[in-house]
Amino acid sequence: MSQPSRKKPRSEVEEVADHYNQRPEVGIKKRKESSIYRMKSFNNWVKSVLIRNHVKNGYKILDLGCGKGGDLLKYSKSKISFLVGADIASVSIEQAKERYKSMKFDKFEAEFLVHDCFGKPIREHLPKDFTADAVSMQFCMHYAFESEEKVRTMLKNVSENMKTGGVLYATVPNSYWIVKKLKASSGLKFGNSIYSIKFESKDKFPIFGHKYWFCLEDAIDDCPEFLIHFPTLQKIAAEYKLELIFKKGFHEIYEAFCQHEEYNELLYRMNVISDPSNTHDPLIDPEQWEAAGIYLGCAFKKV
Ligand code: SAM
């Protein structure tokens with residue numbers, strides 16, 4: 001008698017890759033109709049601030065967890081010369097390639113690869129002699145916090161492939177903010193009408209593998225994520241010669257940069273504010289503003 005086929009349980013990495021592979025690329029028109037359009041615009045503005053602060057003309061960029069290539073236009077504006085984008089989700093990489101092909105202005109050279117950037121060394125898959133001037137990791141570093149081994153693989157992939165003096169800039173969920181909200185909530189779940197975060201326990205705080213489930217309307221449906229224990233990230237990063245030079249929550253980044261001429265104009269162009277002279281009243285509604293506060297931006301310099 002043949003054995004009943006038993007499906008192998010999916011690993012967290014497969015679950016994350018499936019999750020992103022199943023999210024279609026919707027195009028500009030549909031993106032504007034998204035219920036969290038303002039929050040997405042604000043998040044894109046924060047990424048633009050980080051990119052403009054750390055990227056110069058002619059730079060070679062390594063974008064780990066690049067997704068569908070949503071930052072390509074930002075890099076074309078920064079006049080980089082070369083970008084390598086890597087992501088574990090093969091469908092996203094195909095969409096990034098398509099987006100790159102359709103770019104018309106200020107085109108740079110680019111290569112895209114499907115790679116588990118936190119599970120495997122990336123060096124042998126990069127173009128020969130490639131050394132990045134800066135490394136980007138946007139909204140993806142928390143997936144590495146499943147284990148110490150993954151955090152080390154990630155940091156090695158960054159440090160080994162970036163020049164000394166180069167900067168790793170990242171956007172990550174702010175664990176301090178998340179845990180504060182968890183402690184203040186009566187159960188294991190908190191959020192509002194556009195996002196929710198659900199934990200499995202309220203009294204165990206492991207440094208690695210501290211899993212929670214994240215939902216964000218029109219973006220993420222119950223995806224497993226891991227808390228980043230920031231002091232540990234900082235400590236291990238230092239072992240890979242990466243020194244923390246910047247760390248601010250998204251709301252603080254707004255306060256710090258909204259009056260700056262260049263970023264103020266960008267806020268207006270990206271539909272985050274309706275009047276450049278009034279930055280006290282962004283167009284984003286309070287629930288999306290709260291959800292944006294989940295994140296922080298940070299940067300590490302290779303010394
Ligand atoms: N950086 C892009 C952006 O800002 O638009 C995409 C962000 S998306 C929220 C997170 C990305 O991390 C997904 O594309 C996902 O496939 C990728 N990711 C998660 N785990 C990964 C891993 N182990 N290696 C490479 N990419 C990974």
Original post:
Is there a path of hydrophobic side-chain contacts, each under 4.5 Å between heavy atoms of I, L, V, M, F, W or Y residues, that connects M103 with Y59?
Top reply: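 Shared cluster, yes.
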Subject >> side chain to side chain donor-acceptor pair (under 3.5 Å) involving Y212 - partner list, sequence neighbours excluded >> reply: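 Once residues adjacent in sequence are excluded, the partners of Y212 under the side chain to side chain donor-acceptor pair (under 3.5 Å) criterion are E225.
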Under a 4.0 Å N-O cut-off, is there an ion pair linking [X] with [Y]?
| X | Y | value |
| --- | --- | --- |
| R52 | E262 | yes |
| K68 | D87 | no |
| R152 | E239 | yes |

Side chains of [X] and [Y]: do they bring a donor and an acceptor to under 3.5 Å?
| X | Y | result |
| --- | --- | --- |
| N53 | Y263 | yes |
| N157 | K120 | no |
| D285 | Q288 | yes |
| T279 | Q259 | yes |
| D63 | Y75 | no |

Taking the six-membered ring for Trp and the full ring for Phe, Tyr or His, determine whether the centres of [X] and [Y] are under 6.0 Å apart.
| X | Y | result |
| --- | --- | --- |
| W177 | F250 | no |
| W45 | F257 | no |
| H229 | F145 | no |

Output side-chain donor-acceptor pairs under 3.5 Å for residues 178-190, partner residues at least two apart or in another chain, one line each.
residue : atom : partner : partner atom : Å
K181    : NZ   : E290    : OE2          : 3.3
S185    : OG   : L182    : O            : 2.9
S185    : OG   : G187    : O            : 3.1

Original post:
Is there a ring-ring contact (aromatic ring centres under 6.0 Å, His included) between F139 and Y295 once you walk through the steps?
Top reply: CA-CA 9 Å; F139 300 107; Y295 299 99; 4.9 Å; yes
Original post:
Out of curiosity, K74 NZ to I61 CD1, how far, rounded to the nearest 0.5 Å?
Top reply: 13.0 Å
**OP:** Give a yes or no on whether F205 atom CZ has more than 12 heavy-atom contacts from other residues, nucleotides or ligands under 6.0 Å away.
**Re:**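 Yes, the 6.0 Å shell around CZ holds more than 12 heavy atoms from other groups.
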Subject >> Donor-acceptor contact below 3.5 Å, side chain T131 vs main chain K163 >> reply: no
